[in-house]
Asker: 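Structure in structure tokens, see below.
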Amino acid sequence: MLILILAGLRHRAAALLSIVVAAGLGSALIVLSGAMFETGIRLVTPPERVSGADLVVIGDPGYTMLDREGGQTTDHRPLPERHRLSDTVVREAIGIEGVDRAVPVQLVETFARSGLRAATLTGQNWASASMSGLTVPEGPAPGPDEVVLTAPAAATLGVGPGDSLTLTVAGRTSTVEVLGVLGGTGGPATVFLADVAPGVAAGEADDADDATRGAGRIDALGVTLAAGADDAAVRDALGRLGPVRVLAGDHRGAAEDPAISASRTPTIVIGAVFGGIVLTVLATVTSGIVSLSVRQRGREISLLRATGATGRQAGALLVGEASIAGIVGAVLGLALGVPLAHALFDAMRAGGVVPDGLELRAGLVPFAVAVATCGLVVWLAARIAARPARRSRAIDALREADLPPARLGFVRGLLGVLAGLGAVALAVITTAMEPALVSATAGPAVLAGGISAVLLAPAHLRLGLVLLRPLLGERRGELARVNVRSRVAALSTVTGAAALVVGIGVGNLVSQTMLTTAAGRAQVETITAQALVRGPAGTGVELAAEIAALPEVGAVTPFVASGGWIERPYDRSHRDRPWPVRGLDGAQAERVLSNRLVDGELAALTGRSIALPARTAEALGVRTGDTVDFRFGDGAGAELRVVATYDDLPGYENLLLPADLLAAHTTARTPGTLLVSAGDGTSADRLATALDEVVADHPAVVVGDRDDLEHALQEGLGVNALINTLMLLVVLAYAMVAAVNTVAVSTLGRRRELALLRLAGATRRQVRTLLLTETGIAAVAGLGAGLVVACAAVAPTAVVVGADLLGPLPLAALAAGGLAVALITLPITAAATRRALSGRPADVLTRAA
């Protein structure tokens with residue numbers, strides 16, 4: 001049997017090429033998915049600023065959700081801000097046996113100016129210089145008006161020891177003197193500051209309470225071990241200091257940028273979701289390719305059965321050939337997986353999904369999984385496709401060799417119907433979801449619908465023949481219908497491929513675009529401010545008083561965007577994501593927001609207070625004057641007093657907090673944006689001109705409009721868009737493989753039939769038109785099925801967000817999907833037809849005989 005399999009591979013290499021390509025593409029994409037997944041698990045980030053520490057302790061970047069009784073659950077969510085450490089962690093760490101030194105590390109964004117040069121630099125407290133891996137000279141530490149620069153920072157600013165800088169830290173600008181320069185030309189650009197908590201003036205930290213002293217907490221703790229210390233024991237002891245995470249080796253870099261820890265979720269989600277999509281599409285498309293390959297060998301199998309081969313032997317031959325081709329393709333695809341993973345990772349880094357410091361990792365596991373999975377999928381597809389050859393009698397196989405059966409198997413039909421019902425159920429559920437949760441059910445709905453469309457493709461093609469009959473001509477149209485009806489089993493692969501492109505690809509893209517557009521509009525719909533002013537390190541906020549004094553300005557307020565959770569009373573509305581939280585100056589809030597006040601006053605939004613949407617307050621059973629336990633984005637908790645309730649957009653509600661309170665619990669430690677409303681009778685253009693004049697002497701401070709604000713508030717929506725884009729590319733690739741294989745194999749296998757048509761008087765053009773019509777019928781039937789599938793995501797999304805189902809976007813996407821299907825199917829049909837019509841008809845019949 002092995003000899004027959006190898007001989008079949010040698011003589012049928014071209015016919016098995018499509019299996020090799022499909023498996024190779026699947027293998028490469030699974031390696032890509034595995035690399036994303038492994039990168040998210042490992043989070044390898046070599047340190048730069050804390051490379052001198054043996055271990056680094058950071059606050060646990062994950063938040064543990066609470067149950068109704070206030071107990072911790074196993075449900076974890078990433079914190080949207082840096083989780084800082086309290087001073088007690090430092091004191092307790094120093095007392096651990098085996099710890100030589102425990103040095104607090106504070107990291108803060110700064111903006112430095114020197115002459116005509118300016119740069120945004122990372123600031124560190126001077127004590128942490130000993131943990132940076134740099135050689136720190138002996139001498140006095142920098143004072144409040146002094147800084148020490150690394151060599152790259154000094155080169156960027158063009159300064160040296162004794163020179164002066166204008167430095168902005170946490171919204172406060174002062175003139176400082178460069179005390180010294182550390183290190184060589186390599187490494188990060190850093191400015192070392194006096195050992196005063198960034199964002200908290202000297203003497204303030206001790207008096208600040210737990211809710212408002214977030215700016216005074218430390219970002220990390222660098223630990224060096226004593227000689228002979230037990231590394232594992234020290235790590236275990238440090239891990240018991242509270243909600244912390246202990247980093248070692250190449251994981252220490254996660255302490256320098258909270259975006260490293262935050263990237264765990266998107267990379268794992270992309271890897272897992274994308275991998276599931278690849279496996280689903282691989283299984284559905286590969287089964288059609290393998291089935292077509294098996295059907296094309298009907299005459300050969302019949303001869304084997306007639307010469308004494310058993311059904312089991314015939315099946316083993318088919319399965320063996322397909323499996324070997326699949327494994328070969330999977331192995332070849334491994335070489336493509338790593339470049340694809342790097343290309344995707346670079347795109348994610350450019351789009352801000354992952355930070356620059358995170359490194360891509362792909363071990364042996366993704367490669368092994370890719371080969372095993374692709375081989376298993378091809379083996380299962382071949383086993384299923386070979387069932388008729390194993391069970392039929394020799395005489396039946398001979399009868400079926402000329403005209404394959406067009407029956408839809410019971411198991412395939414049942415699975416297709418179940419998948420379709422699942423898509424309908426998910427679509428119905430989607431209509432009852434909040435906008436932020438729509439993608440959780442709309443995506444699976446369209447995926448289930450796509451699977452159903454592929455499984456039921458023969459039925460859709462027959463239905464298409466009936467519906468398209470009035471549009472076809474009497475002669476070639478009728479002949480094309482007859483040919484398609486007799487070849488439903490083969491051409492249904494084209495129908496399924498077209499349904500995948502329109503259904504999964506276009507459906508998800510349109511749905512996600514609707515969600516993104518609606519979310520962006522909702523973010524700014526309740527904001528009436530016409531302009532924003534922003535700059536690094538809070539440089540824009542420093543201009544608040546000067547801007548407020550302009551006659552063109554009606555109101556100005558600091559603006560902070562973050563996230564958090566309401567812990568008490570129990571809040572079940574945001575179990576899967578944090579509440580979007582906005583920080584504003586309460587006295588100016590009503591002049592920059594359009595929300596209708598229901599109870600209380602937004603002017604009372606000061607100190608430890610919060611304003612809630614009226615619908616949320618009612619669901620929680622709280623009123624103005626009550627208190628709620630709130631968990632900030634940095635993990636700190638506080639009891640906040642409800643001072644107002646207001647109407648907000650259903651599904652897009654925001655919580656309101658005082659800007660200074662919320663800013664203290666953000667990674668930046670300070671507000672970075674000002675919202676500016678125009679005064680009475682002042683146009684938006686006139687306001688922008690006035691603001692431009694104010695910021696003209698302040699480098700890096702920019703004036704933006706409402707579109708800029710909408711773009712800034714849409715951060716975090718890129719992951720779903722990236723997943724849907726990848727999904728479309730995968731579907732297009734597999735649709736092309738399936739269509740090319742089906743059209744080429746079926747067309748080239750009809751040379752004798754086409755030669756007879758030409759001998760009967762048909763011209764080359766007529767034959768070409770006939771074949772294009774047949775492929776067109778299969779593609780149009782797939783487009784119709786794909787349109788129904790796309791509606792499983794698009795229609796519920798349109799209902800939830802109030803979008804126009806027949807608007808320009810859905811119609812343009814449908815037209816693009818149809819064009820993509822045409823570009824995939826028609827050119828290959830024309831090329832295969834040209835090849836099949838080469839030579840004289842008589843010579844073709846002679847060779848066939």
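Positions are given from 1 along the sequence. Heavy-atom basis, side chains included; hydrogens, waters and symmetry copies ignored.
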Asker: Do V369 and I30 have side chains that get closer than 4.5 Å, going by heavy atoms?
Answerer: yes

Asker: Evaluate the criterion side-chain contact (heavy atoms from CB on, under 4.5 Å) for residue pair L167 and L193; output intermediate values, then yes/no.
Answerer: CA-CA 10 Å; L167 190 68; L193 311 169; 3.6 Å; yes

Asker: Got W579 and I566 here, is their nearest side-chain heavy-atom distance under 4.5 Å?
Answerer: yes

Asker: So, taking the atom named CG in L221 and the one named CE in M131, what distance separates them when rounded to the nearest 0.5 Å?
Answerer: 8.5 Å

Asker: Side chains of D250 and P46: does their closest heavy-atom pair fall under 4.5 Å?
Answerer: yes

Asker: Measure the shortest side-chain to side-chain distance between L360 and M36 over non-hydrogen atoms and say whether it is less than 4.5 angstrom.
Answerer: yes

Asker: Check whether any side-chain heavy atom of P569 lies under 4.5 Å from a side-chain heavy atom of V628, and answer yes or no.
Answerer: yes

Asker: Main chain of P258, side chain of S261: is a donor-acceptor contact present, judged purely on distance under 3.5 Å?
Answerer: no

Asker: Are the side chain of E256 and the backbone N or O of E48 linked by a donor-acceptor pair below 3.5 Å?
Answerer: yes

Asker: Do T64 and Q72 have a side chain donor and acceptor closer than 3.5 Å?
Answerer: no

Asker: For a quick test of reading the model, state the closest non-hydrogen atom pair linking S130 to R101 and the distance between them.
Answerer: OG-NH2, 3.2 Å

Asker: Sub-3.5 Å donor-acceptor pair from the side chain of N125 to the main-chain atoms of P104, do we have one?
Answerer: yes

Asker: Give the minimum heavy-atom separation between A370 and L334, together with the two atoms involved.
Answerer: CB-CD2, 3.9 Å

Asker: Once rounded to the nearest 0.5 Å, what's the spacing between atom CZ of R572 and atom CE of M65?
Answerer: 13.0 Å

Asker: Please report the C-alpha distance between E109 and T670 in whole Å, then the side-chain angles of each, then the deciding distance to 0.1 Å, and finally whether the side-chain contact (heavy atoms from CB on, under 4.5 Å) criterion is met.
Answerer: CA-CA 10 Å; E109 183 184 53; T670 184; over 6 Å; no

Asker: Does the S174 side chain pair with the main chain of D145, one donor and one acceptor, at a distance under 3.5 Å?
Answerer: no

Asker: Quick one: closest heavy-atom pair of G187 and P152, and the distance?
Answerer: O-CG, 3.5 Å

Asker: What is the distance from atom OG of S562 to atom CZ of R582, rounded to the nearest 0.5 Å?
Answerer: 12.5 Å

Asker: Just by modelled atom types, is the G540 backbone N or O under 3.5 Å from a matching donor or acceptor in the R534 side chain?
Answerer: no

Asker: Using the side-chain hydrogen bond (donor to acceptor under 3.5 Å, both in side chains) definition, which of the options R669, Q106, H83, Q124 pairs with D219?
Answerer: R669

Asker: Would you name the heavy atoms of I41 and R264 that are closest together and state the gap between them?
Answerer: O-NH1, 3.1 Å

Asker: Is it true that R77 and T265 share a donor-acceptor pair across their side chains at a distance under 3.5 Å?
Answerer: no

Asker: Salt bridge check: are R82 and D634 linked by an N-O gap of less than 4.0 Å?
Answerer: no

Asker: V57 and R245: side-chain contact (heavy atoms from CB on, under 4.5 Å), yes or no, with the steps?
Answerer: CA-CA 6 Å; V57 182; R245 181 169 295 177; over 6 Å; no

Asker: Sub-3.5 Å donor-acceptor pair from the side chain of S51 to the main-chain atoms of S132, do we have one?
Answerer: yes

Asker: Of the non-hydrogen atoms in E92 and L241, which two are nearest, and what is the gap between them?
Answerer: OE1-CD2, 3.4 Å

Asker: Is any side-chain heavy atom of V246 less than 4.5 Å from a side-chain heavy atom of V234?
Answerer: no

Asker: Atom CD of E146 and atom OG of S164: how far apart are they, to the nearest 0.5 Å?
Answerer: 10.5 Å

Asker: CG of D571 to CZ of F630: how many Å apart, nearest 0.5 Å?
Answerer: 10.0 Å

Asker: For E639, does its backbone N or O pair with a side-chain atom of T627 as donor and acceptor, under 3.5 Å?
Answerer: no

Asker: Quick one: closest heavy-atom pair of L66 and Y570, and the distance?
Answerer: O-CE1, 3.7 Å

Asker: Closer than 3.5 angstrom, by distance alone: can the side chain of S609 be matched with the main-chain N or O of R641 as a donor-acceptor pair?
Answerer: no

Asker: Has D163 got a side-chain atom pairing as donor or acceptor with G160's backbone, closer than 3.5 angstrom?
Answerer: yes

Asker: Are I610 and V642 close enough that some pair of their side-chain heavy atoms sits under 4.5 Å apart?
Answerer: yes

Asker: With respect to L149, which candidate in L165, T190, L179 satisfies the side-chain contact (heavy atoms from CB on, under 4.5 Å) definition?
Answerer: L165

Asker: Can any side-chain N or O of R252 pair as donor or acceptor with the backbone N or O of A53 at less than 3.5 Å?
Answerer: yes

Asker: Under the side-chain contact (heavy atoms from CB on, under 4.5 Å) criterion, do T135 and L182 qualify, and how do the steps go?
Answerer: CA-CA 7 Å; T135 300; L182 299 182; over 6 Å; no

Asker: Less than 4.5 Å apart, side chain to side chain, heavy atoms only: is that true for P142 and V147?
Answerer: no

Asker: How many angstroms lie between CZ in F559 and CG in L532, if you round to the nearest 0.5 Å?
Answerer: 9.5 Å

